[in-house]
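Each chain gets a letter, A, B and so on, in the order its sequence line appears, and its residues count up from 1. Bear in mind that the values here come from a model prediction, so they are computed numbers and not experimental data.
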Amino acid sequence: MKTSAEILPKAANPQEYEPRILRVWGKNKFFEIGKEHSKEHSKEHNKPYTILMPPPNVTSFLHMGHGTGYTIQDWVIRWRRMRDGVACWLPGLDHAGIATQMMVEKQLASEGTSKHEIGREAFVKRAQEWKETYGGKILEQFRLMGFSCDFSQLTYTLDSHCSYAVRHAFVQLFNEGLIYRGLRLVNWDPVLMTALGDEEVVNKEINGHLYTIRYPLCNQGKQDKAFIPVATTRPETLFGDVAVAVHPDDERYQSYIGSQVHVPLCGRTVPVIADTYVKSDFGSGALKITPAHDPNDYEIGKRHQLESISIFDDRARLNDQAPEPFCGMDRFEARKSLIAALKEKGLFDSSTPHRYSAPHSDRSKALIEPKLCSQWYVKTEPLAAPVAQAARDNAITFYPGLWKKTWLYWLDNIQDWCISRQLWWGHRIPIWYCQNDACKEVFASSEDPTRCPKCNSSHIIQEEDVLDTWFSSWLWPLSPFGWPKDTTTLERFYPSDVIITGSEIIFQWVARMVMAGIKFQGTLPFNKVYFNATVCDMKGQKFSKTLGNGIDPIDVIEQYGADALRYTAAHLSPVSGRIKMEMKDFAIGRNFITKLWNGARYLLSHCHDKTIEPLQEESLELWHKGLLHELYEASHTIDNAMVAFRMHDAHKALYQLIWNSICDWGIEASKFSLKSSDSHTTATNLSVMLYVYECALRLIHPLIPFVTEELIHYFPKHPNLERSKGLCVSLYPSQLPLLKFEKAYQSWQVSKELITSIRRLIQTSTLAKLSSQERSQLHVWCHLQNVSPQARAYLEASQHLSLMASLSQVAHIDISTEDKMPPCALVDVSSHFEIAIALQKTEDIESQRDVYLEKQKKVEIYLGNTQKKLSSQGFLRKADPQVIENVKQQQAALELQKQAITKTLLTFGAS
RNA sequence: GGGGAUAUAGCUCAGUUGGUUAGAGCACCUGCCUUACAAGCAGGGGGUCAGAAGUUCGAGUCUUCUUAUCCCCACCA
């Protein structure tokens with residue numbers, strides 16, 4: 001029979017086992033909710049722990065920004081599944097109306113055609129093809145990263161049941177008067193030719209100019225000025241001017257209020273009006289009013305009952321409100337021509353460079369052109385109020401908590417939500433217009449109507465516009481589960497437990513889901529919101545499709561494997577903020593996988609042909625108990641950290657348990673015991689190590705599922721552990737009756753300190769030059785102090801002393817009952833022991849003298865600090881008794897150290 | 001303009017209600033290919049916790065100010 005060491009290659013080969021394990025998971029349908037796989041979990045769960053995956057846009061493939069966020073989710077859901085026996089992670093895809101439409105339009109443009117040429121029907125078909133391609137690739141990315149979502153529940157926002165939910169929600173809100181059509185200034189994207197919601201607009205600083213233009217006064221003879229200078233950054237909008245406004249108290253212009261001025265290059269005259277909005281100290285102090293193309297002007301126009309003149313078409317080209325030759329010109333081209341024309345007429349005063357921020361379309365990056373038009377709106381105030389209240393009442397918790405403020409600010413200042421988009425890709429608005437002139441009814445319907453409900457006319461047409469993508473996304477906690485029809489499924493999965501997503505969609509998505517949950521279901525859709533960090537490149541730029549700086553998870557998997565991807569993602573995830581990530585970071589994960597693999601390889605090499613015995617407490621040595629206790633501690637630390645979404649703490653605990661406690665100490669200690677000729681000793685040793693290792697594999701399985709699932713197959717069955725068909729459905733160690741050995745653990749820690757001290761003494765002294773042969777002849781004198789009788793018994797056991805000598809690579813450790821250390825020795829002291837290594841030559845010791853003097857100085861300082869504390873009345877009166885006790889113990893330990901150092905220095909003959 | 005965050009070792013970051021001598025990984029130095037792992041092991045060096053003031057018996061942690069960087073929201077024609 002081959003040994004496991006021979007079976008297991010020297011390094012993990014994820015390219016080989018990951019696809020195989022994926023097949024096993026798929027075949028067994030481990031992640032399908034409703035299927036029971038575990039023999040260890042007994043409890044019935046009517047309400048499984050549920051996470052709604054933020055459905056990625058089908059616009060493009062996923063990058064490691066997604067990969068990182070979803071890894072955290074999979075880690076949590078896999079942990080929950082192992083802990084509770086059942087858990088649901090609902091996967092999805094978002095049709096991403098505007099984003100996808102833009103991608104398809106780009107594709108069409110590259111083929112030399114356009115959406116208008118091919119028509120709406122063909123366009124929608126192209127968009128569907130796009131979704132099939134990219135959606136399919138995304139699902140493959142999910143799968144390869146090992147995500148344990150229930151693919152049988154995969155929901156796409158354009159699925160018929162989602163579409164029905166959208167219509168139902170729309171109709172209900174419409175009938176309640178919470179959806180209305182309104183004429184107002186909207187954010188218009190002249191490239192995509194659609195209105196945008198406020199959240200789809202980003203403000204960016206641009207370098208422009210502040211132009212001053214002369215508006216000639218009418219009736220010039222009676223005035224002492226010929227014109228009023230007007231400052232603007234957008235001269236081309238002057239064709240839409242309806243007034244010039246000045247501050248009522250501005251002495252320069254007071255006398256002109258009520259006069260008329262000529263709009264340059266345009267036959268019209270407009271009045272000079274007074275409004276306190278105008279700042280006298282900015283520009284020329286006179287402001288041109290263009291209500292149809294500026295939000296502030298729009299407000300002023302309303303105040304003064306001025307008309308609005310729209311001068312741009314949908315592509316932001318000047319319309320026939322502008323005279324020849326400007327009519328038909330693009331807005332930027334028009335600006336240049338206009339300035340030239342003004343200069344020619346002597347109406348151009350000056351221009352100065354001016355940096356200001358202006359709204360841009362988040363998708364097309366085009367400069368937004370405010371446009372006066374009719375759009376559909378959701379009245380948000382009544383929906384937002386209970387959402388804000390939920391945060392105020394702490395019914396909803398944010399991780400990290402600081403987002404609560406942002407949340408409240410937005411909700412308390414909420415604007416109505418513009419939900420209509422002049423796009424072809426998305427849910428068409430379920431509004432119909434009766435074409436019967438005598439009726440003209442406008443009605444909403446969740447089913448396609450054939451007749452007007454009011455006049456029964458069959459001459460009805462549906463609204464052309466589609467809904468904002470987020471109008472389907474905000475129903476995400478509801479629509480995948482069949483709302484409003486299937487109440488049984490909904491009851492099982494609503495509300496879900498946590499939303500894990502990026503903070504950039506806190507308003508667009510998270511807040512609106514809570515609105516929808518409260519509005520349609522009457523309760524919060526989840527009570528925890530975890531925001532993961534933003535993933536950036538090394539320059540600090542966010543991963544994005546347009547920049548092309550993202551890392552493709554598939555590339556990472558090919559180079560390092562999915563576990564390395566996942567491990568690194570968790571390793572880099574800070575408590576908040578941003579992650580800088582580059583390809584070589586995944587070596588961190590790969591190294592860890594290798595370590596884990598090799599630890600297993602070592603243990604398994606000792607297993608062949610052996611029956612694994614159950615753990616027997618009476619056979620356990622000190623280090624066994626210490627290690628088992630470390631397992632217990634780690635298991636609880638991890639569980640608590642996961643509950644609190646302290647992913648960093650959970651990750652750290654996993655790392656320390658496996659790398660430090662198990663590999664650095666456990667396996668090293670076991671090497672000594674496995675050499676033993678006593679079969680009982682080796683059997684105990686193997687039993688402990690396999691038990692601890694399997695538990696560790698389970699603990700870290702949610703994070704690195706592939707390698708753990710692969711390794712567990714090689715592990716012989718341990719009598720103390722039940723194992724289900726897959727590790728992914730086996731019981732999590734926090735639910736196991738793990739053994740606790742508090743006292744032994746402490747003694748094991750002292751042992752580690754002692755071993756480290758010996759190693760350090762040797763390596764930092766002239767002893768480092770000894771050959772390993774000579775070194776293994778060394779004897780260490782040791783005096784224990786400040787330890788309990790039980791600890792002393794543990795530490796002085798001959799087996800344990802041999803182990804410590806072996807780990808220190810010395811011949812022997814002699815425990816002395818008196819603290820009279822040998823002369824002529826290297827010495828180290830701590831709060832629990834003094835050690836000394838005798839030397840032959842005094843000059844070796846002489847060379848160490850400075851080291852001890854330095855040590856003495858330090859201890860004196862520390863001692864001074866503790867003495868200062870303990871002699872302070874304020875400290876003794878006010879500090880926590882436990883803290884005082886700690887300081888007292890610390891002082892006692894320092895005193896012992898001081899004495900030992902003094903003694904050592906005496907052996908040097910120092911004064 | 002309003003709000004928020006960050007500043008800790010050369011680099012990337014931990015440090016939960018203030019309480020022993022501030023930690024980890026990478027990088028660096030020294031010694032080791034010791035039969036699980038050189039993608040590793042053992043040991044080591046390196047930080048007046050951005051600056052200043054304050055509260056406190058005690059401050060990396062709390063308060064104020066300053067400086068630097070970043071984010072969000074609103075916007076100056």
* More than 12 non-hydrogen atoms from neighbouring residues, nucleotides or ligands closer than 6.0 Å to CD on A:Gln415, yes or no? -> no

* Rounded distance in Å between the C1' positions of B:C71 and B:C32 -> 49 Å

* Asked: At under 4.0 Å between heavy atoms, what does A:Gly283 touch on the DNA or RNA strands: base, sugar-phosphate, or nothing?
  -> nothing

* Complementary nucleotide of B:C75, counting Watson-Crick and G-U pairs under 3.5 Å -> none

* Base paired to B:U69 (Watson-Crick or G-U; both N/O distances under 3.5 angstrom) -> B:A5

* Start at the 5' end of RNA chain B and walk down; is the nucleotide closest to A:Ala768 or to A:Asp198 reached first? -> A:Ala768

* Asked: Mind checking what makes ring pair (Phe, Tyr, Trp, His ring centres under 6.0 Å) contact with A:His209, not counting sequence neighbours?
  -> A:Tyr211

* Asked: Is there a donor-acceptor contact under 3.5 Å from the side chain of A:Asp241 to the main chain of A:Lys288?
  -> no

* To do: For A:Gln873 and for A:Ala879, locate the closest nucleotide of RNA chain B by heavy-atom distance; then report the residue assigned to the nucleotide nearer the 5' terminus.
  => A:Ala879

* Structure fact -> Partner of B:C62 under the Watson-Crick or G-U wobble criteria, both distances under 3.5 Å, comes out as B:G54

* **More than 12 heavy atoms from other groups under 6.0 Å of CD on A:Gln773** => no

* Roughly how far apart, to the nearest Å, are B:G60 and B:U20 at atom C1'? -> 15 Å

* Structure fact -> Applying the 3.5 Å cut-off to both distances, the Watson-Crick or G-U partner of B:C11 turns out to be B:G25

